[in-house]
Amino acid sequence: MSELHIYNSYTRQKEKFESITPGYAGLYVCGPTVSGESHLGHARPYITFDVVQRYLRHLGYKVRYVRNITDAGHFEEEGREAEDKVSEKAKLEKLEPMEMVHKYTSLFHKGMAMFNCDEPSIEPTATGHIVEQIDMIQDIISKGYAYEVNGSVYFDVTKYAAEYPYGKLSGRVLEDQLETTRDLDGQDEKRNKADFALWKKAPPEHIMRWNSPWGEGFPGWHIECSAMSSKYLGETFDIHGGGMDLQFPHHESEIAQSTIAHGHPPVRYWMHNNMITINGKKMGKSYNNVIKLSELFSGSHPLLAQAYHPMVVRFNILQTHYRSTLDFSNEALQASEKAFRRLWEAYETLQKLAHPGNENASDAELDSKVNTWLAECADFMNDDLNTAKVIANFFELAPVINGIKGGQVKADALSAATFVALKATFSAYLVDILGMEPLQEEQSDKLDKVLSLLIDIRKDAKKRKDFATSDLIRNQLAENGILLKDEKDGSVSYSVN
RNA sequence: GGUCGGAUGGCCGAGUGGCUAGGCUCAGCUCUGCAAAAGCUGCUACAGCGGUUCGAAUCCGCUUUCGACCUCCA
């Protein structure tokens with residue numbers, strides 16, 4: 001039995017996972033900034049880490065999964081003019097920040113639910129932890145690694161880098177960073193260009209603002225994750241996850257802040273998922289190539305040939321290793337949809353299948369292969385969460401299941417023990433760990449009764465060789481999205497699209 | 001410009017120094033009143049050029065090319 005190994009971005013190698021507290025695992029994942037609607041790009045990290053979290057639970061860990069909501073900072077609603085606090089508009093006409101934040105948080109939650117992502121154990125908000133952030137900033141100042149200028153506070157990266165390996169996570173050298181000639185906000189206030197804000201003074205027109213020892217302002221982007229992760233997971237915790245694009249500067253800054261505040265690095269294992277690209281380019285606001293989740297599910301985007309079910313998207317994402325880029329295309333999604341339908345049907349078939357009870361396999365070779373495929377699932381997951389390989393093995397098993405049902409494989413080909421293992425493993429990995437759900441809801445009893453009636457009438461017509469009637473029923477139903485299948489044993493099943 | 005990571009069969013994608021991943025498409029067959037589904041069979045690829053090796057798609061070097069990060073970003 002292999003053990004879980006994960007690729008640690010910090011050391012750039014696969015390492016055996018050992019939790020700090022035996023039996024418990026702490027996982028922190030950078031959540032969304034809720035100033036706009038979630039898009040396809042957001043789906044990847046949250047689905048990836050949902051599987052991480054599910055797998056850790058499967059391994060027996062009691063997991064605390066913390067995923068924040070970034071609802072504070074210098075942002076305004078997409079597509080809406082920035083409004084200022086001192087404008088003449090009436091209160092109700094103005095954009096209320098919490099209103100916007102609530103709207104997009106809510107949409108994000110709905111999207112996650114559709115993807116069947118488990119809710120995190122704690123979902124802390126930045127606005128709910130202003131006090132903790134201020135405390136942490138004061139602590140860093142008192143230790144001499146941050147300074148205040150005009151109501152803003154900056155982290156002294158140069159000083160930090162002299163003693164600590166700043167840039168190790170993202171693989172860059174501080175000297176290179178100092179070369180940049182960008183004109184950033186507050187650049188003239190900083191002692192060095194690489195310094196980053198812990199607290200920013202709010203200009204008069206800025207709506208989001210809080211009192212602090214340095215005047216009214218709002219927290220810097222990086223400090224929230226440090227403050228909240230240490231509060232809920234401890235000063236050192238097991239896994240920190242997020243998109244690769246957050247490695248620098250966000251995660252690098254988190255390491256620096258926490259290292260000064262607590263005297264040691266915050267995270268044991270850093271995990272980063274790769275990006276979703278579209279036509280080879282990263283999907284992101286700045287590229288104007290974003291497909292929102294609502295558009296994805298409804299098909300209402302010029303790039304989409306059709307609507308895609310959340311489970312199809314989830315399946316497609318899991319068919320690719322999380323550290324590889326995943327290029328979006330209609331062809332790929334359509335292939336995933338067909339593949340997933342086939343796989344799920346095999347899974348459902350397996351649930352209904354009964355084993356004759358023979359202790360010994362009549363087909364020892366097949367029995368042995370099946371056992372290998374099942375055992376490999378754990379090995380693949382343990383090898384840095386290789387969901388793609390797990391899925392590949394499902395597709396090895398599907399023909400065996402379908403073959404038993406269709407008679408191409410003998411019912412007693414597998415031993416009773418293997419059959420039990422097949423059922424248990426398929427369900428554990430496909431449903432519990434990969435988190436897949438059927439594409440269609442349970443059918444209502446009434447529909448079921450109506451269809452049984454039609455199926456009976458059609459059976460009768462077929463018996464009389466009245467194929468005109470039987471085909472009419474089948475074709476009419478097909479036009480309405482209900483497919484009838486004549487099974488080998490003479491029964492008829494249906495599926496609704 | 002700096003740093004890092006890719007280039008795999010018609011398409012998507014995994015992966016390892018030698019043992020045909022898998023999915024989708026396509027073609028043929030079996031079953032079937034027909035269809036669908038299912039099953040079986042076929043389609044052997046790793047950007048290019050050198051090198052290391054008994055053997056490399058897998059290791060090294062160079063070239064071409066794409067991308068990510070360096071700025072808010074999942």
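The sequence lines fix the lettering, A, B, ..., with proteins before strands; numbering per chain opens at 1.
Side chains of A:Asn274 and A:Ser324: no donor on one and acceptor on the other come within 3.5 Å. Judged by distance alone, the side chains of A:Asn393 and A:Tyr429 never bring a donor and an acceptor atom under 3.5 Å apart.
For the pair A:Phe467 and B:G33, the ring geometry qualifies as stacking, because the centroid separation is below 5.5 Å while the planes lie within an angle under 30°.
A cation-pi arrangement is found for A:Arg67 relative to A:Tyr46, the charged atom lying closer than 6.0 Å to the ring centre and inside a 45° cone about the ring normal.
Closest to the A:Met275 side chain, of the nucleotides B:A38, B:G13, B:A74, is B:A74. Of the listed nucleotides (B:G15, B:C4, B:A38), B:G15 has the atom at the smallest distance from the side chain of A:His321. Checking B:A74, B:A14, B:A38 against the side-chain heavy atoms of A:Thr320 singles out B:A14 as nearest. Of the candidates B:A14, B:A68, B:C70, B:A68 carries the atom nearest the A:Lys282 side chain, counting heavy atoms from C-beta on. Comparing B:C69, B:C24, B:C4 against the side chain of A:Arg12 picks out B:C4 as the nearest. Of all nucleotides listed (B:G67, B:A38, B:G22), B:G67 comes nearest to the side chain of A:Lys281. The side chain of A:Pro249 lies closest to B:C70, out of B:C24, B:G33, B:C70. Nearest nucleotide to the side chain of A:Glu396, out of B:A14, B:G33, B:G22: B:G22. For A:Asn402, the side-chain atoms get nearest to B:A38 when compared with the rest of B:A38, B:G15, B:A74.
As judged by a 4.0 angstrom heavy-atom cut-off over every strand, A:Ile276 is placed among the base-contacting residues.
When both distances must be under 3.5 Å, the Watson-Crick or G-U wobble mate of B:G1 is B:C70. Across all strands shown, nothing is found opposite B:C46 as a Watson-Crick or G-U wobble partner with both distances under 3.5 Å. Pairing of B:A56, defined by two Watson-Crick or G-U wobble distances under 3.5 Å, is not identified with any nucleotide. Partner assigned to B:C40 is B:G28, using Watson-Crick or G-U wobble distances below 3.5 angstrom. Pairing for B:U65 goes to B:G6, judged as Watson-Crick or G-U wobble with the two contacts each under 3.5 Å. With both pairing distances under 3.5 Å, B:G22 is matched to B:C12 as a Watson-Crick or G-U wobble pair.
Put simply, the side chain of A:Asp486 and the base of B:C34 share a donor and an acceptor less than 3.5 Å apart. Not a single donor-acceptor pair, N or O on each side, falls under 3.5 Å between the base of B:A14 and the side chain of A:Asn386. With hydrogens and angles left out, the side chain of A:Arg172 and the base of B:C4 share no donor-acceptor pair within 3.5 Å. Between the base of B:A37 and the side chain of A:Arg342 there is no donor-acceptor pair shorter than 3.5 Å.
Between the C1' atoms of B:C31 and B:U20, the separation comes to 28 Å (whole Å).
Taking the six-membered ring where tryptophan is involved, the planes of A:Phe394 and A:Phe426 are tilted, since the angle between them lies from 30° to 60°.
Under the 6.0 Å cut-off for aromatic ring centres, A:His272 and A:His251 qualify, their centroids lying closer than that.
Comparing A:Ala332 and A:Ser170 by the nucleotide of RNA chain B that holds the closest heavy atom to each, the one mapping nearer the 5' end is A:Ser170. Nearest-nucleotide positions on RNA chain B place A:Ile391 closer to the 5' end than the other of A:Ile391 and A:Lys485.
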